[in-house]
Amino acid sequence: MNLNSLLQTFSTVDFQNDLIEWFSKEQRDLPWRKDQDPYKVWVSEIMLQQTKVDTVIPYFNSFIEQFPNIESLANAEEERVLKAWEGLGYYSRARNLQAAVREVHEVYRGVVPNNVKDISSLKGVGPYTTGAILSIAYGIPEPAVDGNVMRVLSRILLIREDIAKPKTRKIFEEVIREIISKENPSFFNQGLMELGAIVCTPTSPSCLLCPVREHCRAFHEGEQNELPVKTKKKSTKQVNLVAGVFFDEKGNVLVQQRPENGLLAKLWEFPTVERVVELETPKQQLQRFMLEENGINVEVEDYICDIQHVFSHLVWNINVYVGKVNGTFENSTIKAVSREKQELLPFPVSHQNIWKEVQKYK
DNA sequence: TACGCGTGGTG
DNA sequence: TCACCAAGCGT
């Protein structure tokens, strides 16, 4: 792909002006657009990774209320941060964000770096987020290539590279470096993303409303529905689980914390075991798991329901039981918590749903 | 490079 | 109903 020939007949300055004028006029009123505080831009960009604007808005408002600046987030308990993230998904974003904010607090005296080298070295800040923060908060003309930008530019410039391939992003970064507005890189980058979000959508783009359609080669060729080229990924696998909601005499409930790494890291859940032994009933397997893995003698009582939870890459099918635990126990990763304490712990949505069903049953 | 990592909305 | 999507990053 030759950059010069690609841009030979492209009116870069006219395109910049049309895009920036449209964004100035039509941009949505969003809470992270009230100012250019680098911290708030940063938080919003992390939350927006793979997540819709409408989903992020309430989380952003609540998060900024609880952690209004670098210092407050740096000093917060990790569990409070995860609780603020509860339900938003991709929880490593929250832990990486706090780790990075602590580094900014300690190493950079609380000032978010304004250069590529330092900011891209922070945990959770990749090529896209680097460009987004530098352009939006600091007005530095760096590319911020996300899925929107690749879709919009693949149509405008008729680029047929597969946007599912990691190396394709580099092609778009090269293109952006050539055509980005040096005067207003913030509105240029945001304009491309906003256009992708509300006009140049994945299916049935609104070309007749598009402010840059006269620059769009796909529109001229009638190919807007064929682009971008994006190969599919393969399907999800099924995992069968058994979960128990166990109460002690005081009404406390047993919970366990998930491992530090991997799926739903460090979130809390009701004791759960993968169902692999088909010779045993789910009830028997749960009983044995509690005794042999945790040294806790429980009485599994009633079956409550099945909960299915669909992730991006796998499906959980959970058999849910309630039961009792007698006396005390020790030397275990599992602990009994009061209702008040339970409400402070971050739970994945699947186990929030388990709790709801148990409440219905009681 | 390919895959693991969440969730809620949509046609 | 279900495959696919939405402002990616780490390994």
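All chains are named by letter (A, B, ...) in the order of the sequence lines, taking the proteins before the strands, and each is independently numbered beginning at 1.
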Between A:K360 and A:E357, is there a salt bridge with N-O shorter than 4.0 Å?
yes
A:S312 (side chain) and B:dG6 (base): donor-acceptor pair under 3.5 Å
yes
So, are A:K83 and A:E79 salt-bridged, with charged N and O less than 4.0 Å apart?
no
Between atom NZ in A:K230 and atom P in C:dC4, what is the gap in whole Å?
10 Å
How many whole angstroms separate atom NE2 of A:H313 from atom C1' of B:dG4?
5 Å
Phosphate-side-chain proximity, A:H309 and B:dT7, N/O vs OP1/OP2 below 4.0 Å:
yes
Proximal nucleotide (of C:dG8, B:dT1, B:dG6) relative to the A:P166 side chain:
B:dT1
side-chain N/O A:Y90 vs B:dG4 OP1/OP2, d < 4.0 Å
no
Counting any heavy atom closer than 4.0 Å, what does A:V149 reach on the DNA or RNA strands: base, sugar-phosphate only, or nothing?
nothing
When the P atoms of B:dC5 and C:dC2 are considered, how many whole Å apart are they?
24 Å
Distance flag, aromatic centroids of A:W355 and A:F347, threshold under 6.0 Å:
no
Along DNA chain B (nearest heavy atom to each residue), the more 5'-positioned of A:T55 and A:T203:
A:T55
Measuring only the P atom in each nucleotide, how far is C:dT1 from B:dG6? A whole number of Å is fine.
26 Å
Using atom CG of A:L314 as one end and atom C1' of C:dC2 as the other, report the distance to the nearest whole Å.
17 Å
Hey, which sits more toward the 5' end of DNA chain C by its nearest nucleotide, A:S120 or A:D146?
A:D146
For A:M193 and for A:K123, locate the closest nucleotide of DNA chain C by heavy-atom distance; then report the residue assigned to the nucleotide nearer the 5' terminus.
A:M193
Using only heavy-atom distances, decide whether a donor-acceptor pair under 3.5 angstrom links the side-chain of A:T51 to the base of B:dG8.
no
Any base atoms under 4.0 Å from A:R169, or only sugar-phosphate, or nothing? Heavy atoms, all strands.
nothing
Closest approach of A:Y90 and A:W85, non-hydrogen atoms and distance?
O-NE1, 3.8 Å
Nearest-nucleotide wise, let me know which of A:Y59 and A:N261 is further upstream toward the 5' end of DNA chain B.
A:N261
A:I46 has an atom CD1; how far is it from atom P of C:dG8, in whole Å?
11 Å
Atom CZ of A:F311 and atom P of B:dG4: how far apart are they, to the nearest Å?
13 Å
Could you state the atom-to-atom distance from NZ of A:K52 to C1' of B:dT10 in whole Å?
7 Å
Test item: A:R93 side-chain N/O and A:I46 main-chain N/O as donor-acceptor pair under 3.5 Å:
yes
